[in-house]
Amino acid sequence: MTTTDIAATDVAIEVKGLSKSFEGREVVHDLSMRVKRGSIYGFLGPNGSGKTTTIRMLCGLLTPDSGEGTCLGYDIRRDADKIKRHVGYMTQRFSLYQDLSVRENLEFVARLYGVADARTAAREMIKRLGLSGREEQLAGQLSGGWKQRLALGACTLPNPQLLLLDEPTAGVDPKARREFWNEIHDLAGEGLTVLVSTHYMDEAERCHEIAYIAYGHLLARGTVEDVIAGSKLATWVVTGDGLNALAHQLTGKPGVDMVAPFGTSLHVSGRDHDALEASIAPFRSDPKQHWQHGAPSLEDVFIELMSRSKDNFQ
Ligand SMILES: Nc1ncnc2c1ncn2[C@@H]1O[C@H](COP(=O)(O)OP(=O)(O)OP(=O)(O)O)[C@@H](O)[C@H]1O
Ligand SMILES: [Mg+2]
């Protein structure tokens, strides 16, 4: 494929049937996905479910045992070197050189990647990040949120076409996470494709598309609306007194797949709507509580998917 062909296609990543085992244990199973250029694609799933392993296979850092595909038009098995030139990868728990200043970190990265005028590129990035005036501050002294933004800046300095961000905002406060995500949206608006893994639901909701992976299996994908609709979950929202006792009474009843407290309400969900209705019927006449139909939240859907997959795969 020539560069023009690549630019012409609207697909950044397309892989089919990726599998990977470590020490005889399969940690990614038959995974297929497609990511559109210029989109923000979220990767969600419990710890140890294969998100990082998948990200590493997508950019050619790790060879799959089976499966195939392309990243930015390049073959993930044969063209790893070419892929790496166009990818910015912020690894999990990524941190910059703590004892170098903001400016030194950016200039170092720019030189490492052969950016033509490293000093100017670093200066422009500092401005873009809103770090003017803090150029000489050591990276290690920045707040967690600023560290992550600086790391994002460093990843984008070499002008990649694809950003792989592996839990970039873990442990960062909500305001800083929001700012980080505003920057991700700006980058996507400029044409960059972003694949990002996260455990935060609010971040999942800011993605154009998401994929949910559990125990190596991709269980759901699409827009947030697609994933919620595809779950076929019926959800009841209960408010009032005695919710804790109610939760215990409902757990394990036929049709009740999930009972989860959300602040001052209780979410009761299930996929078999008739069985769910039958099980909750005796409780709905209790005047202490008020029941109403609710839309399942993304978190409801993920918790349900996770509990189901645990039974299936373990
Ligand atoms: N190089 C390796 N050698 C052996 N096992 C590995 C290796 N890399 C990953 N694993 C195992 O593969 C499984 C999937 O790991 P992976 O890091 O991809 O999960 P993850 O979804 O990124 O989890 P987390 O949310 O905790 O980051 C885990 O059980 C992990 O211990
Ligand atoms: Mg990981």
Side-chain angles (χ1 to χ4, degrees), residues 13 15-35 40-69 71 76-77 80 83-84 87-96 144 147-148 151-152 154-155 162-174 177 180-181 184 193-207 209-222 224 227 298-314:
I13 298 172
V15 292
K16 286 202 175 77
L18 295 189
S19 295
K20 185 74 191 175
S21 297
F22 290 119
E23 293 144 14
R25 194 168 62 90
E26 194 175 52
V27 302
V28 175
H29 173 82
D30 194 19
L31 183 140
S32 303
M33 60 188 277
R34 167 198 276 251
V35 179
I40 303 173
Y41 196 95
F43 230 18
L44 288 105
N47 290 130
S49 55
K51 299 181 295 294
T52 299
T53 305
T54 303
I55 289 173
R56 293 177 64 209
M57 288 195 281
L58 295 178
C59 63
L61 275 177
L62 189 68
T63 311
D65 297 337
S66 55
E68 59 194 56
C71 178
I76 57 166
R77 288 174 176 277
I83 295 174
K84 277 179 219 157
V87 170
Y89 183 14
M90 192 166 152
T91 55
Q92 205 167 352
R93 287 177 283 274
F94 179 77
S95 55
L96 292 153
K147 266 186 202 153
Q148 294 312 85
L152 179 67
C155 287
L162 170 68
L163 271 184
L164 301 172
L165 310 175
D166 200 355
E167 291 186 41
T169 57
V172 171
D173 73 50
R177 288 202 289 120
F180 189 93
W181 272 82
I184 292 181
T193 308
V194 183
L195 182 77
V196 53
S197 75
T198 177
H199 289 290
Y200 297 110
M201 295 302 129
D202 58 323
E203 296 190 345
E205 282 164 357
R206 294 194 68 177
C207 295
E209 281 187 71
I210 53 173
Y212 184 83
I213 169 168
Y215 311 105
H217 295 242
L218 198 155
L219 299 182
R221 66 175 166 208
V224 168
V227 169
L298 195 58
E299 188 159 308
D300 289 329
V301 173
F302 287 164
I303 292 171
E304 198 276 328
L305 277 172
M306 186 157 85
S307 54
R308 193 147 39 102
S309 58
K310 207 176 241 165
D311 299 340
N312 287 351
F313 307 134
Q314 288 190 336

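For ligands, and for the atoms within them, numbers begin at 1 and follow the listed sequence. Quantities reported herein were computed from a predicted structural model and do not represent experimental measurements.
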Query raised in the report: Is any N or O atom of Gly50, backbone or side chain, closer than 3.5 Å to an N or O atom of ligand 1?
Result: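 Among all N and O atoms of Gly50, at least one is under 3.5 Å from an N or O of ligand 1.
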**Report entry** Polar contact flag for Lys51 and ligand 1 (N/O pairs, less than 3.5 Å)
**Finding:** yes
Query raised in the report: Mind checking whether the Mg ion (ligand 2) has an N, O or S of Thr53 under 2.8 Å?
Result: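 No, Thr53 does not qualify, because none of its backbone or side-chain N, O or S atoms lies under 2.8 Å.
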Query raised in the report: So, is Ser197 placed with an N/O/S atom under 2.8 Å from the Mg ion (ligand 2), counting both backbone and side chain?
Result: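 Given the 2.8 Å cut-off, Ser197 does not count as a ligand of the Mg ion (ligand 2).
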Report task. Indicate yes or no: at least one non-hydrogen side-chain atom of Met90 is less than 4.5 angstrom from one of Leu164. Result ->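 Heavy-atom side-chain distance check fails, nothing below 4.5 Å.
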Query raised in the report: Are the charged groups of Arg177 and Asp202 less than 4.0 angstrom apart, N to O?
Result: yes
**Report entry** Close approach of Ser49 to ligand 1, heavy atoms, under 4.0 angstrom
**Finding:** yes
Requested in this report: Tell me, with the steps shown, if Val196 and Tyr41 meet side-chain contact (heavy atoms from CB on, under 4.5 Å).
Outcome: CA-CA 6 Å; Val196 53; Tyr41 196 95; over 6 Å; no
Requested in this report: Indicate, as side chain, backbone, both or neither, the part of Thr53 found under 4.0 angstrom from ligand 1 when only non-hydrogen atoms are considered.
Outcome: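 It is both backbone and side chain that touch ligand 1.
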Report task. Mark up the atoms of ligand 1 that fall under 4.0 Å of a heavy atom belonging to His199, in ascending order. Result -> 25 (O)
Query raised in the report: Quick one: which ligand 1 atoms are inside 4.0 Å of a heavy atom on Glu167?
Result: 24 (P), 25 (O), 27 (O)
Requested in this report: Please report which non-hydrogen protein atom sits nearest to atom 27 (O) of ligand 1, along with the residue it belongs to and the distance in Å to one decimal place.
Outcome: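 Going by distance alone, atom 27 (O) of ligand 1 is nearest to Gln92 NE2, 2.7 Å.
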Query raised in the report: When you measure from atom 28 (C) of ligand 1 to each heavy atom in Arg56, Glu23, Arg25, which option holds the nearest one?
Result: Arg25
